[in-house]
Asks: 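Below: one structure in structure tokens.
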Amino acid sequence: MLLGNAWTELFRNIPLLVQIFLWYHVLPGLFPVLQRFPSFVLVVFALGFFTSARIAEQVKAGIQSLP
């Protein structure tokens, strides 16, 4: 539960444009292994992580709405 909350808080509270910038420009400089991936794959990672946090929050709200 703690990991799920940390995931959603991290990826939902950082704006999408900032996340794309971080994945595209910053992280390949910090982690050279990411330079092996094409640039569009890193952008897909950013979009995927952001979307997964949003969907997780929607599913959590749906489950909590049940009696």
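Every heavy atom of this structure was used, including side-chain atoms; hydrogens, water molecules and symmetry mates were not.
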Asks: Salt bridge (Lys or Arg N to Asp or Glu O under 4.0 Å): which pairs involve residues 18-33, sequence neighbours left out?
Replies: none
Asks: Rounded to the nearest 0.5 Å, what separation is found between the CG atom of Leu34 and the CZ atom of Phe37?
Replies: 6.5 Å
Asks: With clusters defined by side-chain heavy atoms of hydrophobic residues (ILVMFWY) lying less than 4.5 Å apart, directly or transitively, does Val41 cluster with Phe21?
Replies: yes
Asks: I'd like to know whether CG of Leu66 has more than 12 heavy-atom contacts from other residues, nucleotides or ligands below 6.0 angstrom.
Replies: yes
Asks: How long is the span from the OH atom in Tyr24 to the CZ atom in Phe40, to the nearest 0.5 Å?
Replies: 11.5 Å
Asks: With a 3.5 Å cut-off and sequence neighbours excluded, list the donor-acceptor pairs that the side chains of residues 25-32 form with protein atoms.
Replies:
none

Asks: Suppose we screen for side chain to side chain donor-acceptor pair (under 3.5 Å). Which residues come up paired with Thr51, at least two apart in sequence or across chains?
Replies: none
Asks: Run the side-chain donor-acceptor check on residues 10-20: report pairs under 3.5 Å with partners two or more places apart or on a different chain.
Replies:
from, atom 1, to, atom 2, distance (Å)
Asn13, ND2, Glu9, O, 2.9
Asn13, ND2, Glu9, OE1, 2.8
Gln19, NE2, Phe11, O, 2.7
Gln19, NE2, Ile14, O, 2.9

Asks: Without placing hydrogens or testing angles, list every side-chain donor-acceptor pair under 3.5 Å for residues 52-62, not counting sequence neighbours.
Replies:
from, atom 1, to, atom 2, distance (Å)
Ser52, OG, Trp7, NE1, 3.1
Ser52, OG, Gly48, O, 3.3
Ser52, OG, Phe49, O, 2.8

Asks: What pairs with Val44 under side-chain contact (heavy atoms from CB on, under 4.5 Å), at least two apart in sequence or on another chain?
Replies: none
Asks: Could you state whether Leu47 and Trp23 fall into the same hydrophobic cluster, counting links through intermediate Ile, Leu, Val, Met, Phe, Trp or Tyr residues with side-chain heavy atoms under 4.5 angstrom apart?
Replies: no
